[in-house]
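When a residue number appears, it is its place in the shown sequence, counting from 1. Predicted model, so just to flag it, every value in this text is computed and none were measured.
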Amino acid sequence: MDCIKSINRSAFVAIAPESPFIAAGTMAGVVDLSFSSSANLEIFELDFQSSDRELKLVGHCKSSERFNRLAWGSYGSGSDGLIAGGLFDGNIGLWNPIRSKSGEIEHVGHLSKHKGPVHGLEFNVKSPNKLASGADDGTVCIWDLTNSSKPSHYLKGIGSYMQSEISSISWNREFQHVLASTSYNGTTVIWDVNNEKVITDFKNTVRCSVLQWDPDNYNQIMVASDEDSSPNVKLLDIRYLQSPVRTFVGHQRGVIAMEWCPSDSLYLLTCAKDKRTICWNTKTGKIAAELPTGQNWNFDVHWYPKMPGVISASSVDGKIGIYNLEGFSSYGTVENNLDSDPLTAPKWWKRPVGASFGFGGKLISFNKYLPEASEVFLHSLATEQSLVNRISKFEVALENGEKPSLRALCEKKTEEAESEEEKETWGLLKIMLEEDGNAKTKLRTHLGFSLPSEEKDQTVNEPHATCSSTNVEETKQMPEPEGESSDPTFDDAIQRSLILGDYKGAVAQCLSANKMADALVIAHVGGTELWESTRDKYMRMSNAPYMKVVSAMMNNDLMTFVHTRPPKFWKETLALICTFAEGDEWIRLCDALASNLMDAGFTLAATLCYICAGNVDKTVDIWSRSLEKESDGKSYAERVQDLMERTLVLALATGNKRFSVSLRKLFESYAEILASQGLLATAMKFLKFLESGDFSPELSILRNRIALYAEPEAANTSASKTPQPEISMPYQKKSFPPAPLSNTQPSRTTFVPLNPPRELKNAGQYQQPIMDSYSFNRSADPAYNAPPGPGSHRSILSPGPYINSEIPQTVAPPMGPMTPTYQVAVQPAPVAAPPTVQTADTSNVPAHQKPIVATLTRLFKETFEPLGGYSRATPAEKRKVEDNSRKLGALFLKLNSGDISKNAVEKLTQLCQALDQNDLGAALQIQVAMTNTEWDECSFWLPTLKQIIKGRQNVQ
């Protein structure tokens with residue numbers, strides 16, 4: 001990974017302790033391409049929000065000399081502190097970082113005492129007004145910035161304590177009067193600044209370039225040498241100088257600079273002439289991270305105190321780079337290098353308190369400030385308590401399994417409904433649950449076509465009884481008696497035809513004279529053929545709306561009537577087919593009417609007709625559209641609950657147990673919502689509405705997961721209902737359902753096995769061994785309900801009654817008894833194991849998609865070969881392999897069944913082509929693009945593709 005920000009300068013660096021700025025002073029001894037001798041101090045803004053790779057210059061000024069060291073302390077009148085620079089001529093420059101409008105930095109003054117270049121410079125952290133400096137003249141000066149006319153302390157070793165050029169100095173983090181200085185002659189001195197005396201010293205056979213006190217252990221100090229013959233970094237205890245506490249081996253040439261991490265003393269940053277910049281784990285002496293090797297070495301490194309993990313590195317080739325060490329958290333310069341350190345979480349990642357949501361409405365937490373700081377607490381958490389209460393009430397209504405209970409639920413929902421659509425829907429669902437003899441009567445009444453009670457006995461068998469009141473009145477009008485014809489010629493012609501037996505001619509003359517009644521009477525005498533042709537001509541010539549109804553009944557052609565009837569008269573049409581259709585014909589006619597209404601934009605009417613047809617899939621498809629719309633301030637979970645209540649009541653009323661893919665996904669979403677609220681046993685009950693063969697790979701995994709977690713939940717619930725003696729237990733589980741998280745002491749859980757949850761009660765009420773001609777079963781139509789195979793798992797619930805009634809024999813003869821085909825399985829069949837890369841059926845994958853399966857299978861095998869084979873993998877690696885194999889198996893299954901969109905297949909093809917060409921970067925870009933456009937469809941296996949591609953990159 002390249003640096004995240006950069007500055008094109010050859011300069012020493014100092015970072016502001018409290019503000020997002022970095023200072024750069026021109027490095028002494030560097031010659032640029034223009035052979036310039038100018039010296040500058042510049043300030044840049046550390047803006048990580050900007051997309052510009054170059055840092056913005058916000059302040060600048062000229063310097064009298066170039067820099068050997070730069071320091072930025074918190075002392076000063078403003079919040080930006082004070083910048084000090086060790087110059088080549090022995091002076092120390094002071095600058096106020098507050099810029100003028102033109103960006104000019106104010107030069108405060110010089111500190112003059114040293115006779116040579118100043119290489120050591122550091123502010124005292126505990127006393128910000130104290131500044132220590134060390135120079136090539138072998139002297140150390142302590143400056144009190146409140147009175148900086150001369151050094152407050154002047155330190156110079158004599159005799160064995162004599163130091164040559166001072167290369168580095170460091171204040172002790174615990175004792176503010178203790179200072180360490182090291183020199184190029186190998187002598188390191190620990191000073192008591194207040195008394196200007198030497199506490200101790202030690203000598204190395206090689207020159208020392210840099211030293212730093214341990215921030216946590218005030219008796220230990222880190223020392224390094226810039227000699228190529230001794231490039232090691234040593235941690236020394238000043239009380240036991242005979243041997244180092246730890247030696248850090250990794251650099252091949254001399255170490256130039258180092259700095260301890262201010263946020264976590266576990267990490268130390270060093271750079272050397274071997275072009276390596278290494279972050280060490282100071283507890284193990286191993287390499288924790290390493291920057292990429294550049295064209296030349298770095299000579300100055302610093303941590304950014306306000307953003308842990310961010311560092312600066314100044315290079316000899318004229319570039320200051322800003323890096324994020326978290327991008328190099330795994331030591332990857334040399335594969336399987338034994339010097340690399342296992343990943344360790346830094347302190348800035350550690351939290352005093354924490355919480356994490358878990359599956360099944362669980363929350364796990366810890367708190368280091370509690371007396372039980374080493375314990376982890378498990379809470380049962382319901383984030384939407386009102387929804388939990390509603391689900392519990394709905395579960396009770398379904399668990400009783402009685403029609404009166406379900407009808408009461410529908411009636412209550414009708415009363416609570418806020419829209420006409422909801423009222424109509426729940427009202428019709430209630431009618432679907434009525435007994436056979438009342439269902440059709442109540443449906444016609446619901447549609448507004450009830451008969452007067454005093455006329456019911458006389459008119460119930462009349463075909464026109466189903467028409468509107470206006471039409472009924474028209475049919476009751478008797479024709480006025482006709483007098484003698486005023487046209488003797490017409491009468492003579494008719495009479496002559498009748499005398500000659502020319503009935504056909506007589507009928508033709510009556511029709512031409514618009515004497516319909518005469519024509520029908522004469523045709524009746526003329527025989528069946530003449531009667532039927534005359535009747536058909538009359539039906540075609542009639543414009544009365546009710547005659548269309550008569551025509552449909554007479555020809556036993558209700559389907560044509562449904563297709564030709566205007567959609568706005570849908571209630572009359574539904575009432576008519578309710579009266580004259582039964583069984584499979586009722587289903588087909590209701591489906592056809594609903595389809596016509598959908599095409600015409602009558603969505604609510606179409607939904608009601610699909611309900612009458614028992615078409616659960618189509619009905620739920622229409623209802624599901626409301627999930628995407630936010631209405632009445634309801635959350636997504638509440639909208640799913642509304643939908644599932646209607647869906648489950650409709651499924652119970654119709655007995656339909658074979659659901660579409662979209663409806664199974666709805667069950668999956670509902671089960672996830674129930675599980676998130678801790679209602680695991682409830683989720684298992686509702687998943688049992690689905691056949692075991694209907695489970696997709698994703699749904700199978702979810703069901704198994706819910707079953708695994710639901711068993712201990714229900715076990716503890718059952719145990720809590722059994723009287724037990726009071727015993728003090730370290731862990732005690734609260735009863736189901738879970739209560740919201742509170743400030744009381746959290747509960748702690750132990751888990752016990754349990755048998756699967758029970759089925760719905762009184763389900764046998766819905767069983768009907770034989771259904772007569774007055775009721776119909778959707779399962780009779782194989783297009784809607786194919787009978788399950790042996791051993792398939794079904795709920796005890798069986799198909800319920802449909803709406804139906806008697807039909808006059810003059811329109812269509814009644815159908816014989818029908819016997820529904822269904823099975824009741826007492827024991828649920830085991831759920832098949834999810835498919836994997838090895839076991840997924842790919843026999844039906846189209847030929848142009850076969851390369852996808854082949855490429856991903858090959859990539860999967862090649863990715864995990866470096867593990868040394870599955871048998872040699874660690875348990876964590878085995879779990880990872882199995883999880884990735886299951887998710888790729890789910891993808892293969894979708895390709896095999898064709899349950900995947902064209903866009904997703906095209907992008908998968910492009911991705912596999914890139915993989916075949918070993919262009920892993922392009923493959924990863926396609927995977928990222930799919931997460932943006934195909935996430936809803938491909939979210940189950942897309943992350944696995946990314947993991948495998950990344951793993952393949954690491955193997956290479």
Participant: Nearest 0.5 Å please: distance from the CD1 atom of Ile169 over to the CH2 atom of Trp191.
Facilitator: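 Reported value, rounded in 0.5 Å steps: 12.0 Å.
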Participant: What I'd like to find out is whether the side chain of Lys368 reaches to under 4.5 Å of the side chain of Phe366, using heavy atoms alone.
Facilitator: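 Heavy-atom side-chain distance check fails, nothing below 4.5 Å.
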Participant: Just verifying a value: how many Å separate Leu266 CG and Thr284 OG1, rounded to the nearest 0.5 Å?
Facilitator: 7.5 Å
Participant: How many angstroms lie between CG in Leu145 and CG in Leu111, if you round to the nearest 0.5 Å?
Facilitator: 7.0 Å
Participant: Output all residues satisfying side chain to side chain contact (heavy atoms under 4.5 Å, CB included) with Thr277, sequence neighbours left out; order by chain, then residue number.
Facilitator: Leu269, Cys271, Leu291, Asn298, Val301
Participant: Salt bridge (Lys or Arg N to Asp or Glu O under 4.0 Å), that's the test. Do Asp192 and Lys197 meet it? Break it down for me.
Facilitator: CA-CA 5 Å; Asp192 178 350; Lys197 291 183 177 180; over 6 Å; no
Participant: Would you call Leu325 and Tyr267 a side-chain contact if the rule is heavy atoms closer than 4.5 Å?
Facilitator: no
Participant: On a heavy-atom basis, which atom in Arg53 and which in Ile4 lie closest, and how many Å separate them?
Facilitator: NE-O, 3.4 Å
Participant: Going by side chain to side chain contact (heavy atoms under 4.5 Å, CB included), name the residues that satisfy it together with Ser51, two or more places apart in sequence or in a different chain.
Facilitator: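 Checked Ser51 against side chain to side chain contact (heavy atoms under 4.5 Å, CB included); zero matches.
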Participant: List the atom of Gly85, the atom of Leu70, and the distance in Å for their closest heavy-atom pair.
Facilitator: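 Heavy atoms of Gly85 and Leu70 come nearest at CA-CD1, 3.8 Å.
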Participant: Identify the two heavy atoms, one from His251 and one from Ala272, that lie closest to each other, and give their separation to 0.1 Å.
Facilitator: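 Minimum heavy-atom contact is ND1-CB, 3.3 Å.
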Participant: Taking side chain to side chain contact (heavy atoms under 4.5 Å, CB included) as the test, write out the residues that go with Ala11, two or more places apart.
Facilitator: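 Side chain to side chain contact (heavy atoms under 4.5 Å, CB included) check on Ala11 returns Arg9, Ala24, Ile320.
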Participant: We want to know whether Asp52 and Ser50 form a side-chain donor-acceptor pair, criterion being a heavy-atom distance below 3.5 angstrom.
Facilitator: no
Participant: Any salt bridge linking Lys56 with Asp47? Criterion: basic side-chain nitrogen under 4.0 Å from a carboxylate oxygen.
Facilitator: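 No, Lys56 and Asp47 are not salt-bridged.
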Participant: Between His379 and Ser365, is there a side-chain donor-acceptor contact under 3.5 Å, judged purely by atom types and distance?
Facilitator: yes
Participant: Has Asn172 got a side-chain atom pairing as donor or acceptor with Val178's backbone, closer than 3.5 angstrom?
Facilitator: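 Such a contact is absent between Asn172 side chain and Val178 backbone.
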Participant: Yes or no on side-chain hydrogen bond (donor to acceptor under 3.5 Å, both in side chains) for Ser74 and Glu18, after CA distance, side-chain angles and deciding distance?
Facilitator: CA-CA 8 Å; Ser74 59; Glu18 298 295 338; over 6 Å; no
Participant: Any side-chain to backbone donor/acceptor pair from Ser263 onto Pro308? Under 3.5 Å, distance only.
Facilitator: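 No, Ser263 side chain to Pro308 backbone: no donor-acceptor pair under 3.5 Å.
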Participant: Any side-chain heavy atom of Leu82 sitting closer than 4.5 Å to one from Trp95?
Facilitator: no
Participant: How many angstroms lie between CG in Leu268 and CD in Gln212, if you round to the nearest 0.5 Å?
Facilitator: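 Taking CG in Leu268 and CD in Gln212, the distance rounds to 7.5 Å.
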Participant: Strictly by modelled atom types, are Asn129 and Thr146 linked by a side-chain donor-acceptor pair under 3.5 Å?
Facilitator: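 The answer is no; no qualifying pair exists.
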Participant: Please determine if Arg276 and Glu290 form a salt bridge, counting it only when a charged side-chain N lies under 4.0 Å from a carboxylate O.
Facilitator: yes
Participant: Can you find a heavy atom in the side chain of Lys362 that is under 4.5 Å from one in the side chain of Leu378?
Facilitator: yes
Participant: Has the side chain of Asn217 got a donor or acceptor atom that lies under 3.5 Å from a matching backbone atom of Asn219?
Facilitator: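 Side chain of Asn217 to backbone of Asn219, a donor-acceptor pair under 3.5 Å: yes, one is there.
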Participant: Among all residues two or more places apart in sequence or in another chain, which pass the side-chain hydrogen bond (donor to acceptor under 3.5 Å, both in side chains) test with Ser38?
Facilitator: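 Ser38 satisfies side-chain hydrogen bond (donor to acceptor under 3.5 Å, both in side chains) with Ser36 only.
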Participant: What heavy-atom pair brings Val118 and Ser133 nearest, and what distance separates the two atoms?
Facilitator: CG1-CB, 4.2 Å
Participant: For a quick test of reading the model, state the closest non-hydrogen atom pair linking Val233 to Met258 and the distance between them.
Facilitator: CG1-CE, 4.0 Å
Participant: Using a distance-only test with no angle check, is there a side-chain donor-acceptor pair under 3.5 angstrom linking His153 and Glu196?
Facilitator: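 Yes - a donor-acceptor pair under 3.5 Å links their side chains.
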Participant: Rounded to the nearest 0.5 Å, what's the gap from OG on Ser127 to NE2 on His177? Could you check?
Facilitator: 11.5 Å
Participant: I'd like to check Pro352 versus Tyr369 (side-chain heavy atoms, cut-off strictly below 4.5 Å). Are they in contact?
Facilitator: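 Yes. Closest side-chain heavy atoms under 4.5 Å.
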Participant: Could you check whether any side-chain N or O of Gln163 sits under 3.5 Å from a backbone N or O of Thr187, counting only pairs where one atom can act as donor and the other as acceptor?
Facilitator: yes
Participant: Does Trp260 reach the main-chain N or O of Ser265 with its side chain, forming a donor-acceptor pair under 3.5 Å?
Facilitator: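 Answer holds: yes.
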Participant: Looking only at heavy atoms, which two atoms of Ala135 and Gly116 are closest? And how far apart?
Facilitator: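 So the minimum-distance heavy-atom pair works out to CB-O, 3.5 Å.
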Participant: How long is the span from the CZ atom in Phe248 to the CE atom in Met222, to the nearest 0.5 Å?
Facilitator: 4.0 Å
Participant: I'd like to know if Asp237 and Arg239 make a salt bridge, using a cut-off of under 4.0 Å between side-chain N and carboxylate O.
Facilitator: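 A salt bridge is present here (some side-chain N lies under 4.0 Å from a carboxylate O).
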Participant: What I want to check is whether the side chains of Ser315 and Trp297 have a donor and an acceptor closer together than 3.5 Å.
Facilitator: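 Distance-only check fails for Ser315 and Trp297.
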Participant: Mind running salt bridge (Lys or Arg N to Asp or Glu O under 4.0 Å) on Asp226 and Arg207 for me, showing each step along the way?
Facilitator: CA-CA 7 Å; Asp226 62 355; Arg207 48 189 274 156; 2.9 Å; yes
Participant: May I ask you to test the Ile105-Asn96 pair for a side-chain heavy-atom distance under 4.5 Å?
Facilitator: no
Participant: Indicate yes or no: at least one non-hydrogen side-chain atom of Asn40 is less than 4.5 angstrom from one of Cys61.
Facilitator: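 With C-beta onward as the side chain, the pair stays apart.
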Participant: Not counting sequence neighbours, which residues clear side-chain hydrogen bond (donor to acceptor under 3.5 Å, both in side chains) with Ser6? List them please.
Facilitator: Glu54
Participant: Sequence neighbours excluded, which residues qualify as side-chain hydrogen bond (donor to acceptor under 3.5 Å, both in side chains) partners of Asp264?
Facilitator: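 Applying side-chain hydrogen bond (donor to acceptor under 3.5 Å, both in side chains) to Asp264 gives none.
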